[in-house]
Amino acid sequence: MTSKNSNYAAAESYLTFQHNEYTGLPILDEKGRPKLRDSYLLDTLECGESSFAMACLIANRKYGKNGGREDVKTHHYIVSFDPKDAVENGLTMERAQALGLQFCKENFPGHPAIVCTHPDGHNSAGNIHVHIVIGSLRVRTVERQPFMDKPCDWEAGKKHRCTSAMLRHLRVAVMEMCEQADLNQINLLEAQGDHVSEREYWAQRRGQRRLDHVNAKLAAEGQQPTQTVYQTELDKLRKQIYTCIKNELRDNFLRKLRLLSIAFHSIHDKNCSIAA
């Protein structure tokens with residue numbers, strides 16, 4: 001995930017204080033103060049004696065970068081472990097934090113970073129996970145690694161590139177880390193279902209909560225709910241497109257899209273967009 005928020009302290013605040021998972025707003029105590037999370041481990045890297053926020057601001061000033069509203073200020077990665085690892089393989093928060101720190105050093109060298117381990121996920125699945133938030137600007141030149149393609153990937157004053165190649169490298173790195181640590185893992189290089197944005201993910205969660213509330217009222221009145229799973233408009237569109245494209249040649253695919261009143265725009269067959 002990328003963020004254009006110039007308030008670098010917000011990243012640490014999110015990781016250390018409780019937030020409403022639907023609204024993103026901090027949860028307050030009886031005196032109106034933000035409530036700390038019950039449990040977390042947090043360390044910083046490449047920040048020297050400064051906080052993460054100050055280290056990022058100093059780097060921006062030094063290199064004259066990230067002054068615009070549209071500039072990406074931070075990147076947020078999450079390494080989530082199998083819930084069974086705690087029982088079967090002795091995974092603790094301390095061990096996960098150590099793995100996260102090493103992963104960050106190896107894959108994001110030279111970037112100010114926060115590494116923070118939480119004991120559970122949104123769905124209370126019990127999966128220990130590690131948040132890695134890096135400042136987009138590299139503060140020192142680092143030794144070139146095999147996954148680095150261009151000088152901007154290792155030179156000081158250049159920005160992190162979240163490319164498809166980089167994401168593939170990170171998936172492989174997570175798999176190798178789990179293998180070396182004798183932890184459970186999945187093949188992150190295989191398709192893992194639909195690619196859903198964070199915005200759509202939370203829209204689905206909020207919609208499902210509203211639907212569950214409505215269905216509970218219907219059940220209390222002795223009525224049978226007609227819908228139990230909430231679908232976003234994007235998900236409906238996605239499933240219509242998948243239905244069309246399955247085992248179809250391009251011409252038949254476009255014809256079926258037109259029957260569904262879905263417009264297809266192509267520019268020299270290189271960049272395509274789909275709109276309802």
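Values below: every heavy atom of this structure, side chains too, minus hydrogens, waters and symmetry copies. All values derive from a computational prediction rather than experimental measurement.
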### Message
With a 6.0 Å cut-off (strictly less than), is the heavy-atom count around CD of Glu143, excluding the residue itself, greater than 12?
### Response
no
### Message
Tell me if the CE atom of Met148 is crowded by more than 12 foreign heavy atoms within 6.0 Å.
### Response
yes
For a 4.5 angstrom cut-off between non-hydrogen side-chain atoms, does [X] reach [Y]?
X	Y	value
Phe103	Ile132	yes
Ile114	Leu42	yes
Leu101	Leu45	yes
Gln224	Thr226	no
His111	Leu137	no
His131	His129	yes
Cys162	Leu167	yes
Asp82	Leu183	no

Roughly how far apart are [X] [atom1] and [Y] [atom2], rounded to 0.5 Å?
X	Y	atom1	atom2	value
Glu155	Arg140	CD	CZ	14.0 Å
Ile78	His76	CD1	NE2	4.0 Å
Asn7	Ser13	CG	OG	8.5 Å
Asn107	Phe147	CG	CZ	5.0 Å
Gln180	Cys178	CD	SG	10.0 Å
Asp43	Cys116	CG	SG	9.0 Å

Could you see if [X] belongs to whatever hydrophobic cluster contains [Y]? Use Ile, Leu, Val, Met, Phe, Trp, Tyr and a side-chain cutoff under 4.5 Å.
X	Y	answer
Val142	Leu170	yes
Met177	Ile134	yes
Val133	Tyr40	yes

Side chain of [X], backbone of [Y]: donor and acceptor closer than 3.5 Å?
X	Y	result
Arg171	Met175	no
Arg161	Asp153	no
Arg37	Tyr14	yes
Asp85	Asn89	no
Thr141	Ala156	yes
Glu221	Gln223	no
Lys35	Arg33	no
Gln18	Ile27	no
Gln97	Thr117	yes
Asp235	Thr232	no

### Message
Using side chain to side chain contact (heavy atoms under 4.5 Å, CB included), reason through Leu57 and Tyr8 one step at a time and then give a plain yes or no.
### Response
CA-CA 8 Å; Leu57 292 173; Tyr8 289 95; 3.9 Å; yes
### Task
Could you walk me through whether Asn60 and Asn66 pass the side-chain hydrogen bond (donor to acceptor under 3.5 Å, both in side chains) test, one step at a time?
CA-CA 6 Å; Asn60 291 345; Asn66 289 335; 3.0 Å; yes
#### Entry: Residues Phe108, Tyr77; criterion ring pair (Phe, Tyr, Trp, His ring centres under 6.0 Å); working and verdict
CA-CA 11 Å; Phe108 310 111; Tyr77 296 92; 5.0 Å; yes
### Query
Step by step, would you call His213 with Leu211 a side chain to side chain contact (heavy atoms under 4.5 Å, CB included)?
CA-CA 5 Å; His213 182 69; Leu211 180 60; over 6 Å; no
To check you understand the geometry: which heavy-atom pair defines the closest contact between [X] and [Y], and what is its length?
X	Y	answer
Ala55	Pro112	CB-CB, 4.2 Å
Met93	Pro119	SD-CB, 3.7 Å
Ala11	Phe52	CB-CE2, 4.5 Å
Cys104	Ala113	SG-CB, 3.6 Å
Leu28	Pro34	CD2-N, 3.7 Å
Arg138	Lys159	NH2-O, 4.3 Å

### Task
Let me see the working for His160 and Met166 under side chain to side chain contact (heavy atoms under 4.5 Å, CB included), right down to the final yes or no.
CA-CA 10 Å; His160 174 67; Met166 182 62 177; 3.8 Å; yes
### Task
Determine, step by step, whether His118 and Leu15 satisfy the side chain to side chain contact (heavy atoms under 4.5 Å, CB included) criterion, reporting the C-alpha distance in whole Å, the side-chain angles of both residues, the deciding distance to 0.1 Å, and the verdict.
CA-CA 8 Å; His118 290 160; Leu15 295 173; 4.1 Å; yes
### Task
Please determine if Lys4 and Glu70 form a salt bridge, counting it only when a charged side-chain N lies under 4.0 Å from a carboxylate O.
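Yes, Lys4 and Glu70 are salt-bridged.
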#### Entry: Phe81 six-ring centre to Arg95 NZ/CZ under 6.0 Å and within 45° of normal
no
### Query
With respect to Ser80, which candidate in Ile128, Asn127, Val130, Val174 satisfies the side-chain contact (heavy atoms from CB on, under 4.5 Å) definition?
Asn127
